[in-house]
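To keep things clear, I will list the structure first and then write my remarks on it.
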Amino acid sequence: MPGTELFGAEERKEINDVLETGIFFRYNHDAQRNNIWKAREFEAEVCKLVGSKYAHAVSSGSTAVQCALAASGIGAGDEVIVPPFTYIATVEAVLMVGALPVFADIDETLCLSAEGIRKVITPKTKAICLVHMCGQMADMDAIMAVVKEHNLILVEDAGQAMAASYKGISTGLWGKAGAYSYDFFKIATAAEGGVMVTNDEEVYRLADSYSDHGHDHIGNNRGMEQHPIIGFNFRISELHAAIGKVQTQRVPFIREKSNEYKKYLMEKLGQVPGISFATLPDPDGDSATFLNMFLPDTETAGKVVAEFNASGVSGFNYWYTNMYHFINQWNHLKDLKTASALGVEKFGAPQDYHNLDIPKAQETIGRLISFGIRCTWTYEEVDALVAKVSAAVTKVMSVEV
Ligand SMILES: *Cc1c(COP(=O)(O)O)cnc(C)c1O
């Protein structure tokens, strides 16, 4: 959560601008707002940072994914390929637009693999919702080859990887639309918030209307204009946008520091027998918000995590200590339980969610341990972490052999 580490005077000043006018709504009130347009400025900062033509700020990363899907034309009954390792918001967003999640296998990038995607493609496959997990990017050359081969729509959930790129192209810009999260735990925060990006004007227009009950916002005269489509309320407030604007400006610093510490950690920990790392298809484009290391197997990873807990190291494993990012823990989803009924029940689930064929995910996630990288660390702290991690892994590995 590097963004929250840096929250300070600049954010407070921007929030105060909004408090001075009392205009928390992003549209209208031209006379009273004293030319303060935080949502627009936030969006302009995101465009500048990632190089997108359009950015549209909304209430959360989850609603940004939903906007990206809906505005890309994905809806009721469409099959959408998703990873089994992600924050569940990805899958929920697919369900919320009435579409049918199809789970495909991942690889050691921690993201969907082209091979996994190919295995689950059917004539009904409409889209891939690709997640760049744990701050790392998928192998985009291989993914784009499948997208083109099968003429699929690509939407990227870059909730955890706003600052990452592959061969110079940012997450979010590879397909029709992409989404970033600005919740409290992400690279940059808006307290709560999200941003959808696209280079396609029509997709942007649809997302803009969809996120505000279909208003078209032409002339910024919201309320008196036309409302060509049905949407919902996914608006961001000016207060949240004020924070998001400053935090977006902080991302280059966060990325630089995080990469520096991650490289140092990988160099030191790479010398410890038993430790290897998740694959980075383009190491220069890493957002480096997490150090993602593998132990030889799930059981060893469990023992190492137990050692970490005892010695106060904050590394976690998606099998033993983090219960919300892997399908093995999603019984509510497998049983399709929600407050009412989901479209997937009416259309019929495209897969048996209780018995998915995702061997690589099962093997890879169990032996993964991740650490959040802090951009305000000192090298004393980083060295202390290296010492504790080395000691824990060495202890567990020496008992094993
Ligand atoms: C955090 C996250 C989201 C959801 O973002 P919120 O802002 O919390 O709604 C979606 N996808 C991924 C991969 C995430 O990590």
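For ligands, and for the atoms within them, numbers begin at 1 and follow the listed sequence.
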Can you say whether the rings of Phe232 and His213 are parallel (under 30°), tilted (30 to 60°) or perpendicular (over 60°)?
perpendicular
Between His56 and Tyr204, what is the ring plane arrangement, given parallel below 30°, perpendicular above 60°, and tilted in between?
perpendicular
Proximity to ligand 1 by part of Met133, non-hydrogen separation under 4.0 Å:
neither
Tell me which protein heavy atom sits closest to atom 8 (O) of ligand 1, plus the residue, atom name and distance to 0.1 Å.
Asp183 OD2, 2.6 Å
Under 4.0 angstrom from ligand 1, any heavy atom of His132?
no
I'd like to know if Asp157 contacts ligand 1, where contact means a heavy-atom distance under 4.0 Å to any ligand atom.
yes
Between Glu363 and Lys360, is there a side-chain N and carboxylate O pair less than 4.0 Å apart?
yes
For atom 9 (O) of ligand 1, what is the closest protein heavy atom, and at what distance to 0.1 Å?
Ser62 OG, 2.5 Å
Out of all atoms in ligand 1, which are within 4.0 Å of some heavy atom of Ala89? Include the element for each.
3 (C), 4 (C), 10 (C)
Would you say the side chain of Tyr379 lies within less than 4.5 Å of the side chain of Tyr261, judging by non-hydrogen atoms?
yes
Hey, are Asp212 and Arg235 close enough for a salt bridge, meaning a charged N less than 4.0 Å from a carboxylate O?
yes
For Gly193, the ligand 1 atoms whose distance to one of its heavy atoms is below 4.0 Å:
7 (O)
Under 4.0 Å, heavy atoms only, figure out whether ligand 1 is touched by the backbone of Thr86, its side chain, both or neither.
side chain
What protein heavy atom is closest to atom 2 (C) of ligand 1, reported as residue, atom name and distance in Å?
Lys186 NZ, 2.6 Å
In terms of atom number and element, which parts of ligand 1 are under 4.0 angstrom from non-hydrogen atoms of Val131?
13 (C)
Taking Lys245 as the fixed residue, which of Glu10, Glu45, Glu14 is the one that meets the salt bridge (Lys or Arg N to Asp or Glu O under 4.0 Å) rule?
Glu14
